[in-house]
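Reminder, nothing fancy here: chain letters follow the sequence lines and each chain counts from 1.
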Amino acid sequence: MKVRVRFAPSPTGFLHIGGARTALFNWLFARNKGGALILRVEDTDVARAASGAVEKILEDLKWLGITWDEGAYFQTERLSLYRHYAELLLKNGKAYFCYCSPEELDVRRKEALTKGNPPGYDGRCHQLSTGEAEKLKKARGKRVIRFKIPHTGATEFTDLVRGKIRFNHSVLEDFVIMKSDGIPTFIFANVVDDENMEITHVIRGDEHLSNTPRQLLLYQALGWQPPFFAHLSMILGTDGKKLSKRTGAVSLSWYRKEGYLPEALVNYLVLLGWAPEGNQELFSSTKEIIKKFSLKRISCNPAIYDTKKLDWINGNYIKRSNCKKITMLIKPYLEAANLLQGDEDEGWLEQVIELEKGRIKRLSQIVEYGDFFFLPEISYEKDIANSVLLRKETKELLGAYRAALSELEDFTKEEAEKRARKVIKDAGVKGGDLIHPVRFALTGRTVGPGLFEIIALLGKKKTLHRLDNAIKIAKGC
RNA sequence: GUCCCCAUCGUCCAGCCUGGCUCAGGACUCCAGAUUUUCGAUCUGGCAACAGGGGUUCAAAUCCCCUUGGGGACACCA
């Protein structure tokens, strides 16, 4: 039997890390098994629907590299299907109309909760005689359809990641399958669609685990064979609570903006709850992950979301990506920071990126780490300038090196180093005594790539100009 | 309140199913050392955990029970 899985987001907001991981695991499983991924938009909550959410979700999935084979299907376009099966259940006595208003239910729920009773529906409308039902129908107009839970027995199933799970029917209440506006609830639409789309494995978040017995009962009532279930434990925020919009950086688009590579995010996400055999953490490609992925090695404990490791993974991916690709991806960040004049030589830009790409963890960091390559003029922070530039011999050393560089025809890394070594030797000082001040003079900071590479890329004019500025400061005190 | 799930370093995972090879392994972070052309780069090293209690067994991180803690569900949300 061909594997068919689905990702079923509801368009109430952006795709967050948890949803992305669910989508990823489904996709990985499908690709590993040579199966199909179906995308289904569960838009039955009309009230909470956010405009533009679907487009954003699809865009984020594509960016991550998750491709689907069918869909996107929309549940609101399939209403007649759900109505058909709801009527069938009604006809077979497996479901019934309920006339209780939301307000009444709310009052009863709160009352039950304060008394310490289960807050679920008490099943009163099931008792209604035909006469009473008619009367209520006329008086209220609005009604929902509820599924009738069998009084006795239990539902047991084997979850693919957790093993055997059992729920007594006594803890289940008759739940709504069709709302008063004729739109199905998630729990029902989900079952009807999974059956109709021939889904073989339902891989979803842990929060749906307790919905499973209800859905299994629906499968039974409709005479359908249920799919396999695999419930992924949740991703929690650093506070140990469910991820929310307030938890911090959880929207996928934030990661895109910050300059995380999609392959790196995939690598990180898959490690949140899954591990290959052995102790590999970095993968050569998403293809490799697909090949190794299996539901068997998914862990059942919830993960706390912490991005330190993501930064490390992303840094690795940036480092090993080729320079042309990273340059292309980095350009927008430079443009946004107004660092590009537009007349930069492409080859020169690539060399700059080559130098920086081993040290940045996020593409956006190019601005704070490498702005001095692009700025016409750099400024020096006073405290650092005081400590780096104001040593006795620094002024002479800078002057001597400046003079040596000004004579250069070939402004190359090798030549720049040769001259520096000579100045160092002649003055009888340590390498760092010249190199640190020069680095600071040219970049405005005390850390960065190799100095002579910087000099060569900066070019003669800028290098001499910045040295002059630094010498002025050194003299000034 | 009731039901369900979960419980190994600060964090992510391995080991658990099929007890002994484990005074528990890897990675991130952090710390130290090295490189002396810096470090946010690199290399080397270090700190650091089986939630608690009871069983079962010659032997338990591994199996069972209880307690505690965390999470989820119990909506005309998904």
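For A/R146 and A/F97, the positive end is not near the middle of the six-membered ring at less than 6.0 Å and at most 45° from its axis.
The same atom, C1', is picked in B/G70 and in B/G33; the two are 40 Å apart, to the nearest Å. Using atom P as the reference point in both B/C17 and B/A7, the two lie 14 Å apart (nearest Å). B/A61 sits 11 Å from B/A24 when the P atoms are compared, rounded to a whole Å. Using P as the reference atom, B/C13 and B/C43 are 25 Å apart when rounded to the nearest Å. The C1' atoms of B/G69 and B/G53 are separated by 14 Å, rounded to the nearest whole Å. On the C1' atoms, B/C12 is 14 Å away from B/A49, given to the nearest whole Å. B/C23 and B/A48 are spaced 15 Å apart, taking the C1' atom of each and rounding to whole Å. Atom P of B/C6 sits at a distance of 22 Å from the matching atom of B/G10, rounded to the whole Å.
In this structure, A/K296 does not reach the B/C17 phosphate: none of its side-chain N or O atoms is under 4.0 Å from OP1 or OP2. Listed pair A/T212 / B/C4 fails the phosphate criterion, with no side-chain N or O lying under 4.0 Å from OP1 or OP2.
Contacts of A/E356 with the nucleic acid, taken as non-hydrogen atoms under 4.0 Å apart, are absent. Nucleic acid contact class of A/I435 (heavy atoms, under 4.0 Å, all strands): base. Contacts of A/P9 with the nucleic acid, taken as non-hydrogen atoms under 4.0 Å apart, are absent. At the heavy-atom level, A/R439 lies under 4.0 Å from base atoms of the strands shown.
Side chains of A/D193 and A/Y82: a donor on one and an acceptor on the other come within 3.5 Å. When only modelled atom types and interatomic distance are considered, A/N190 and A/R6 share a side-chain donor-acceptor pair under 3.5 Å.
Evaluation of the side chain to side chain donor-acceptor pair (under 3.5 Å) rule for A/Q351 yields no partner, not counting sequence neighbours. Looking at residues two or more places apart in sequence or on another chain, you find a side chain to side chain contact (heavy atoms under 4.5 Å, CB included) between A/T412 and A/D410, A/E414, A/E415. Under the side chain to side chain donor-acceptor pair (under 3.5 Å) criterion, A/K291 pairs with no residue at all, not counting sequence neighbours. The side chain to side chain donor-acceptor pair (under 3.5 Å) test applied to A/S233 returns no partner, not counting sequence neighbours. The side chain to side chain contact (heavy atoms under 4.5 Å, CB included) test applied to A/T212 returns A/F157, A/R204, A/L216, A/F229, A/H231, not counting sequence neighbours. In terms of the side chain to side chain donor-acceptor pair (under 3.5 Å) criterion, residue partners of A/Y96 (sequence neighbours excluded) are, by chain and number, A/D174. For the salt bridge (Lys or Arg N to Asp or Glu O under 4.0 Å) test, residues two or more places apart in sequence or in another chain that qualify with A/R109 are A/D106.
Residue A/I360 contributes atom CD1, which lies 13 Å from atom P of B/U42 at whole-angstrom precision. Distance A/Q365 CD to B/C39 C1': 14 Å, rounded to the nearest Å. Between the CZ atom of A/R162 and the P atom of B/C4 there is a distance of 14 Å, given to the nearest Å. The distance from atom NZ of A/K430 to atom C1' of B/U38 is 13 Å, rounded to the nearest whole Å. Atom CG in A/L216 sits roughly 14 Å away from atom C1' in B/C4 (whole-Å rounding). For A/Y268 and B/U11, the OH to P distance is 13 Å, given to the nearest whole Å. The distance from atom CD1 of A/I187 to atom P of B/C77 is 12 Å, rounded to the nearest whole Å. Rounded to an integer number of Å, the gap from A/I298 CD1 to B/C6 P is 14 Å.
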In B/S/- notation, 5' to 3', how is nucleotides 21-31 of chain B contacted by protein heavy atoms closer than 4.0 Å?
-----BBSS--
Footprint string (nucleotides 68-76 of chain B, 5' to 3'): B base within contact, S backbone only, - free, heavy atoms under 4.0 Å
---SSSBSB
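A/Y85 places none of its side-chain heavy atoms less than 4.5 Å from the side chain of A/P184.
Each of B/G40, B/A7, B/U42 was ranked by its minimum atom distance to the side chain of A/N301; first place goes to B/A7.
Ring centroid separation for the pair A/Y260 and A/Y268 does not come in under the 6.0 Å cut-off.
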Given salt bridge (charged side-chain N to carboxylate O under 4.0 Å, His left out), test A/D371 with A/R445 step by step and report yes or no.
CA-CA 11 Å; A/D371 58 353; A/R445 62 203 75 200; 2.6 Å; yes
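For the pair A/D433 and A/G273, nearest-nucleotide mapping onto RNA chain B gives the more 5' position to A/G273. Judged by closest nucleotide on RNA chain B, A/R166 is the one of A/R166 and A/E417 placed further toward the 5' end.
Put simply, CH2 on A/W68 and CG on A/L37 are 8.5 Å apart, with the number rounded to the nearest 0.5 Å.
For RNA chain B, the stems formed by at least three consecutive Watson-Crick or G-U pairs, with both atom-pair distances below 3.5 Å, span B:1-7 with B:68-74, B:10-13 with B:25-28, B:30-34 with B:42-46, B:51-55 with B:63-67.
Within residues 48-58 of chain A, the residues approached by RNA chain B to less than 4.0 Å at the level of any non-hydrogen atom are A/R48, in residue-number order.
For A/K462, the NZ atom is densely surrounded, since the number of other residues' heavy atoms within 6.0 Å is greater than 12.
Contacts classified as salt bridge (charged side-chain N to carboxylate O under 4.0 Å, His left out) and involving residues 426-438 of chain A (residues at least two apart or in different chains) are given here: A/R391-A/D433, A/K422-A/D426.
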